[in-house]
There are 4 protein chains.
Amino acid sequence: MPRRRASDPRKTPLQARSRDTYDAVLEATARILETKGLEAANTNAIAERAGLSVGSLYQYFPGKTAIFAELIRRNDAATAEGLAALVAATAGQDLASRLRALVQAAVARQFARPRLARILDYLEATLGADEALDAADERIVGSVEALLHAHAGELARPPTTVVARDMLWIAKGMIDGASLAGESDGAAVEPRVVRALLGYLGVEEDAGRGGGAIRPGGRRRARTGPPRP
Amino acid sequence: MPRRRASDPRKTPLQARSRDTYDAVLEATARILETKGLEAANTNAIAERAGLSVGSLYQYFPGKTAIFAELIRRNDAATAEGLAALVAATAGQDLASRLRALVQAAVARQFARPRLARILDYLEATLGADEALDAADERIVGSVEALLHAHAGELARPPTTVVARDMLWIAKGMIDGASLAGESDGAAVEPRVVRALLGYLGVEEDAGRGGGAIRPGGRRRARTGPPRP
Amino acid sequence: MPRRRASDPRKTPLQARSRDTYDAVLEATARILETKGLEAANTNAIAERAGLSVGSLYQYFPGKTAIFAELIRRNDAATAEGLAALVAATAGQDLASRLRALVQAAVARQFARPRLARILDYLEATLGADEALDAADERIVGSVEALLHAHAGELARPPTTVVARDMLWIAKGMIDGASLAGESDGAAVEPRVVRALLGYLGVEEDAGRGGGAIRPGGRRRARTGPPRP
Amino acid sequence: MPRRRASDPRKTPLQARSRDTYDAVLEATARILETKGLEAANTNAIAERAGLSVGSLYQYFPGKTAIFAELIRRNDAATAEGLAALVAATAGQDLASRLRALVQAAVARQFARPRLARILDYLEATLGADEALDAADERIVGSVEALLHAHAGELARPPTTVVARDMLWIAKGMIDGASLAGESDGAAVEPRVVRALLGYLGVEEDAGRGGGAIRPGGRRRARTGPPRP
DNA sequence: AATGAATGAGTCTTCATTCAT
DNA sequence: TATGAATGAAGACTCATTCAT
């Protein structure tokens, strides 16, 4: 990994072909991370998978780190985008329903490419700070905070940034855990997360909806188990 | 007797000096991971930091991976141990108090060496399966499950393994999040986690105790923010 | 098409420059083996001698072993080729003359780079089996067998594969021995080998030709002497 | 391998226990060479197999090379001894019978530990010169020469050192070849070698004895085949 | 004398990055 | 602009040898 600043792409890809190539590199990287892991994601492998030469790769990215950074950035941006859209789309519904929608999306995302998500998390924590990421983070927390504000009356506690952040981490923790424990049925995880969030907010769960017993997830697969908090 | 695993130490350190050296390697590795990150933790650096030669290092560990594995194993074992002890020590107390004790310990641990904890998590997910780790995991979940069983009457839902696991991940998620967001005051995180856990369990928080408003954490530092669930 | 073997070159060198580099590596290796021995033939030395960097070397060969393997393969192939050509070229001549031609070539080859030949022999026995080598071996034996068949009437015994193989080893043993004993005059060795081969076949040596006394070889140098059978 | 001169053992082992240990090291080395090959014969492995510590090993031998050297020396000495004894023991018999006896011994030796023999040959050629080895060589050649002298009248050619040496290499070559080709029946090889030697000497083979057809040896096993002379 | 822990130079191999074509 | 050969620093690991106990 180069010492170079994890920064912007070397040039803003304006032409359609350039943009395609640029995207191809990112997708190739994602695919390798997902299937072979971080160690296998070297520039040669990425270039080959993306269908170009190493030399060309360096015309789009100043270095390996920048590819990862951009991958994270996009991922975060997409999340922020999706979250904001979902909050907007569910305006007017009751809090539980809206959380359900959010959690559902989060679960879907994480269960789609769990390994990739995990590696990007690791990289994000490892790589240096980045304004763009912080901006996305703020938008994400902001969306949840906005949601809470819209339901401030129903809450046992005032809606703050900290509460919003906590909620995000509760959801993330539970979903990660379920995924790592080998649960393959996202539908089983979802209500548990919603329940946890409502519980944290001190809101009684909507009696009529999905209240049922906690369904055990899929059998724990060999790998990593419960967290060591 | 278990089959010899590739990650086992090369020779069981019986003599005091050997044990010291062995521990020194582990501590050196932990220190490098904590301060310089995973990439910096190469065998030469570890050996130097531990105050011995590479050759000697390889007399205690069959390879770099084994060092990491042992580090994780010890970490997990300590957690399992601590958790079990705490559950035992708080027998007879009310559920909220007991959870408080557990969370306090967890927070203390994570805030002590956050980066190390994060890297070990990543490594644990990356490295192959390991009986010892699975055993520790089971003990950890088991302790929480036992705790729940002791308070089954107060719970809104039956205490299952899944519930126990969810609780662990809720706590881990929140603590990680707080740590990553730059919160440096563990005491501020603790009650929030307890509240989340009790909320998830559907238990009313002990009215008299620590009910207060959610205190905002320390100023968020630039570093990685909220999760993208 | 044969399965890709681990010892195959990493990429088939199509371009002239590539082929040159590829050959340069082989020649550098041969030269080092010849002058400094097997222990000195490390990848760094080979790369340096070949005039390229280690990295480049690994673009042409997947590993050190593959270089040796290719060296052996070429050597064997060249021998097989040469032998077959010689057998064809001498068609119609009498048996003794043809053997003389063969032995002369063998002597020339072995006396040219005796140490290299010895090391390649050792490596061939050490490295794992290899189809290509076996094929070359068969061609070599086959050539001799074909030669015998053409003169079956003159032989005291039927020409079999075993006889052909024995002849090859007789020649190899004698030439090796002479070389190791410090004989530097190939011309002195040649008639002895021919005589041994004809003797083994039970054929009277052509009276008129080279019947003379056995000339003693060059003074035995310090180096390894006669075999210990 | 140390640059140190491949020389005498560090001290002449006088005491019985010392001698035993010394021998144990040599036998351990031989066993490892035979079963695991040259690469596996490192000082640690040798010491362990011999049942002593590396430190002790270095009290008996100045270095690894010295162990090999001594192994070769003993091997050669034993051969020289055996050959001389056999020549003496068969005094009075006819030439063919005596050669038969010699070849039989040689075949037995080579078929007993073929890999070891091969490796020692390689080492002998690789290691520097050594007076002791030259002396053994001379005794070996001398024995054969003496044998020839005793039958000078029957020979087509005067018995010289060169002839003796050639004979030794013919035998060695053929036996090596048979062994390498996978022939496991020494009895099948023996008469072929005798025939070759008598043929080289221009002596008619004793009509009554073993004149039969050449029996094909065992099927060629995968490994190294015929020589490339 | 024996031990075996310690040493560290040396080996093979990988991979981010550059640059001539 | 694209290519991909070339570079070489760096990293994991081995092993002959030494020396304190």
Whichever of C:G55 and C:A41 has its nearest DNA chain E nucleotide further upstream toward 5': C:A41
Residue whose nearest DNA chain E nucleotide is more 5′ - C:V54 or B:V54: B:V54
Rounded to whole Å, please give me the gap between [atom1] in [X] and [atom2] in [N].
X     : N      : atom1 : atom2 : answer
D:D20 : E:dA2  : CG    : P     : 12 Å
C:K64 : E:dT14 : NZ    : P     : 15 Å
D:L38 : F:dT14 : CG    : P     : 18 Å
D:L52 : E:dA5  : CG    : C1'   : 17 Å
D:L57 : F:dC15 : CG    : P     : 15 Å
B:N42 : E:dT13 : CG    : C1'   : 16 Å
D:I67 : F:dA16 : CD1   : C1'   : 10 Å
D:Y60 : E:dT3  : OH    : C1'   : 13 Å

[Y] and [X], any side-chain heavy atoms less than 4.5 Å apart:
X      : Y      : value
A:E124 : A:D76  : yes
B:E34  : B:P114 : yes
C:L120 : C:L116 : yes
C:R115 : C:L33  : no
D:I67  : D:L57  : yes
A:V25  : A:L52  : yes

May I ask you to verify if any side-chain N or O of [X] is less than 4.0 angstrom from the OP1 or OP2 atom of [N]?
X     : N      : value
A:T43 : E:dC15 : no
A:S53 : F:dG4  : no
A:Y58 : E:dC19 : no
A:N44 : E:dC15 : no
C:Q59 : F:dG4  : no
A:S56 : F:dT3  : yes

Mind checking which stems touch DNA chain F? I mean at least 3 consecutive Watson-Crick or G-U pairs, both distances under 3.5 Å. E:2-21 with F:2-21
Would you kindly say whether B:S18 and B:T21 are connected by a side-chain donor-acceptor distance under 3.5 Å? no
